[in-house]
Amino acid sequence: MTEAIASRLPPLPRAFFARPTTTVARELLGKLLVRRPAGRPALVARVVEVEAYLGVRDAASHARRGPTPRAAIMFGPPGFLYVYLIYGMHHCMNFVTETDGVAGAVLIRAAAPLVGFGGDGGDRRARHPLTGPGKLCAALAITRANNGHDLTAGRDFFVADDGSPAPRRARSARIGVEYAGEWAARKLRFFDARSPYVCGA
DNA sequence: CAGCGGATGTGCT
DNA sequence: GCACATCCGCTGG
């Protein structure tokens, strides 16, 4: 995989995101994140860990309180980026799912470095680790300035399928949602069972 | 390796 | 006004 090849792959279309959130979450495993920050080298990483947030009925989702100013984007059309600030200092990125009017999003928690992170191909202790939602956003230069970005437009940031076989999938409860009552136990975290880049937590 | 504190937006009271 | 958050790096034992 090279930057030139990854950049030429077509972005996943809106129809990919316009499906049930758990389906989108599972199928995102193994897809490529292609990031081209302005004036800086391109970055490519493979998704290895995600979580599904199922909208208004999901006590762990930011959408649980309805379309508040922060969460409104999750109620809109699919294929857009929802970025929020957590604990006052870390960013987390989500891809909006479901049809327009129905809230849903997939949190991207970890990815395997492919291009542009130093020691291409995969030094686990790379300078910019992608293991964890906050570190992933930092490494890909994603901040709240990117909130609302159209992932299907395929410019600065998009998702692509390079044709690699789907990874062996595993699932578990989501991280950091203990407050969510019965929803805390739901196995809505999906990860590549064989990847060393899955977040330990 | 458990514990803790950082720094701020968000949503409820 | 205020408690708390889809986290992470540092500290001390």
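Protein chains get the first letters and strands the later ones, always in sequence-line order, with residue 1 at the start of each.
- Residue contacts shown for Arg174(A) are absent, as no nucleic acid heavy atom lies under 4.0 Å away.
- Dashed line: the shortest gap from a side-chain N or O of Arg144(A) to OP1 or OP2 of dT10(B) is under 4.0 Å.
- The phosphate of dG9(B) has neither OP1 nor OP2 within less than 4.0 Å of any side-chain N or O from Arg70(A).
- Between the P atom of dC8(C) and the CD1 atom of Ile175(A) lies a distance of 10 Å, rounded to the nearest Å.
- Ring centers of Tyr82(A) and Phe80(A): at least 6.0 Å apart, outside the cut-off.
- In this entry the distance linking CE of Met74(A) with P of dT10(B) reads 12 Å, nearest Å.
- Both distances falling under 3.5 Å, in either a Watson-Crick or a G-U wobble arrangement, place dG5(B) opposite dC8(C).
- Distances were taken from every side-chain heavy atom of Met89(A) (C-beta onward) to each of dG6(B), dT10(B), dC7(C); the shortest belongs to dG6(B).
- With contacts defined as side-chain heavy-atom distances shorter than 4.5 Å, the pair Ile142(A)/Phe157(A) qualifies.
- Rounded to an integer number of Å, the gap from NE2 of His90(A) to C1' of dG5(B) is 11 Å.
- Residues Pro69(A) and Tyr87(A) both approach DNA chain B. Their nearest nucleotides, taken by heavy-atom distance, put Tyr87(A) toward the 5′ side.
- Summarising the geometry, the separation between CG on Leu85(A) and P on dC4(C) is reported as 18 Å, rounded to the nearest angstrom.
- Atom CD of Glu51(A) and atom C1' of dA5(C) are 14 Å apart (whole Å).
- Tyr82(A) has its OH atom 8 Å from the P atom of dT10(B), to the nearest Å.
- Note on Arg14(A) versus Asp100(A): no salt bridge recorded, every NZ/NE/NH1/NH2 to OD/OE distance being 4.0 Å or above.
- When rounded to the nearest whole Å, the span between CD of Glu178(A) and C1' of dA5(C) equals 12 Å.
- Taking only side-chain atoms of Thr68(A), from C-beta outward, the nucleotide of dG11(B), dC7(C), dA5(C) with the closest atom is dG11(B).
- Backbone-only engagement by Ile86(A) is indicated by non-hydrogen atom pairs under 4.0 Å involving sugar-phosphate atoms exclusively.
- The closest side-chain donor-acceptor pair between Arg19(A) and Thr97(A), if any, does not fall under 3.5 angstrom.
- Distance OH (Tyr179(A)) to P (dA3(C)): 18 Å, rounded to an integer number of Å.
- The distance from the CG atom of Leu107(A) to the CD atom of Glu49(A) is 8.5 Å, given to the nearest 0.5 Å.
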